[in-house]
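In what follows, chains carry the letters A, B, and so on, assigned in the order in which the sequence lines appear, proteins first and then strands, with residues in each chain numbered from 1.
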Number of protein chains: 2
Amino acid sequence: MNKPLQHRSICPLASALDLFGDKWTLLVIRDLACGKSQFKDFMQSPEKIATNILSSRLARLQALELVETFASTLQPGRQAYRLTAKGETLVPVLQALADWGLANIDGTRAMLRPVDRDKKEQKP
Amino acid sequence: MNKPLQHRSICPLASALDLFGDKWTLLVIRDLACGKSQFKDFMQSPEKIATNILSSRLARLQALELVETFASTLQPGRQAYRLTAKGETLVPVLQALADWGLANIDGTRAMLRPVDRDKKEQKP
DNA sequence: CAGTATCCATTTTGATACTG
DNA sequence: CAGTATCAAAATGGATACTG
């Protein structure tokens, strides 16, 4: 369903763009970094991602071991998503892009505040 | 020729992705940051960008005032491209992505070494 | 060489319908 | 709710021809 993920060159930037060079992947990571864990949470973000796109992004991120699923304590019986330790290493990337946007794009407002995931799961 | 550039939300990350969320834009910035200034220089990068894509990206970056043209001293009579001061502020973004790629994607090699632009223009 | 223009293939996206 | 499946539309990309 998703692509084999081959890289165009040995450039680490080009290779990273092969993974994240699209409009949605890093936004899903952002939501995860902010503590969102359920499908509907991602759907509610202001950018309004489509279900099929969200689904394929989550699958690809799982294949890359940047995201994993776990049993949600909020909604028993359902699975939820979270960043792996490897996925967490993307936060500085998000931060760099968000910092740039905040400083250079009119009308943007800070909103990248990682939430403690355990706390969120325990106290919705 | 290029899009009106509207943002999906007030999120600085989402807005940044509206500008840079594609496979080529940041690679052009990379080349500029490394001191490349002529059309053919960009064409020679290992990722092999097509002329029409390079052309449209340069135009868009100029519209965003991240890139400007100047009279090349290397090839008199021809124009060349360089980052504006605003464009230079993207270097930390490149760096964050490249750092991540280098640390997490097998087979990548460091290659993001900004070159002094004036020196390059004077001593090819 | 430095682009622009064009044609066409592929990819991505968006909307929506549908199933457990 | 959480996805999967479809399908059409739009964006993007690649190859190449063409002009100054």
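- Side chains of B:Ser55 and B:Asn52: a donor-acceptor N/O pair is absent below 3.5 angstrom, by distance only.
- With sequence neighbours left out, the side chain to side chain contact (heavy atoms under 4.5 Å, CB included) criterion links B:Arg8 to A:Lys23, A:Trp24, A:Leu27, A:Glu47, B:Leu17, B:Asp18.
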Handout entry: For DNA chain C, the dot-bracket pattern of Watson-Crick and G-U pairs whose distances stay under 3.5 Å, | for other-strand partners
Key = ||||||||||||||||||||
Fill in the blank from the handout: Whether each nucleotide of nucleotides 13-20 of chain C has a protein heavy atom under 4.0 Å at its base (B), only at its sugar-phosphate (S) or at neither (-) is summarised, 5' to 3', as SBBB----
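- Remark: the A:Ser72 side chain and the A:Gln79 side chain contain no N/O donor-acceptor pair separated by less than 3.5 Å.
- Straight-line distance from the CG atom of A:Asp18 to the P atom of C:dT10: 19 Å, rounded to whole Å.
- Residues satisfying the side chain to side chain donor-acceptor pair (under 3.5 Å) test with A:Glu68, not counting sequence neighbours, are A:Arg82.
- Every residue meeting the side chain to side chain contact (heavy atoms under 4.5 Å, CB included) condition with B:Gln62, not counting sequence neighbours, appears here in chain and number order: B:Leu58, B:Val67, B:Thr69, B:Tyr81.
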Handout entry: A:Arg109 and B:Cys11: CA distance, side-chain angles, deciding distance, side-chain contact (heavy atoms from CB on, under 4.5 Å) verdict
Key = CA-CA 6 Å; A:Arg109 305 251 292 256; B:Cys11 172; over 6 Å; no
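- Phosphate proximity of D:dG3 to A:Gln79: present, with a side-chain N or O under 4.0 Å from OP1 or OP2.
- Criterion: ILVMFWY side-chain heavy atoms under 4.5 Å apart, direct or through other members. Under it, A:Ile10 and B:Ile49 are not part of a common hydrophobic cluster.
- At whole-Å resolution of the value, CG in B:Leu54 and C1' in C:dT4 are 12 Å apart.
- Going from atom OH of A:Tyr81 over to atom C1' of D:dC1 covers 12 Å, rounded to whole Å.
- Going from atom NZ of A:Lys40 over to atom P of D:dG3 covers 11 Å, rounded to whole Å.
- Distances shorter than 4.0 Å separate some side-chain N or O of B:Gln38 from OP1 or OP2 on C:dA2.
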Atom pairs and distances, side-chain donor-acceptor, residues 96-105 of chain B, under 3.5 Å, sequence neighbours left out:
from	atom 1	to	atom 2	distance (Å)
B:Asp99	OD1	B:Gln95	NE2	3.3
B:Trp100	NE1	A:Thr89	OG1	2.8
B:Asn104	ND2	B:Trp100	O	2.9

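- Atoms CZ (B:Arg60) and C1' (C:dT4) sit 18 Å apart, rounded to a whole Å.
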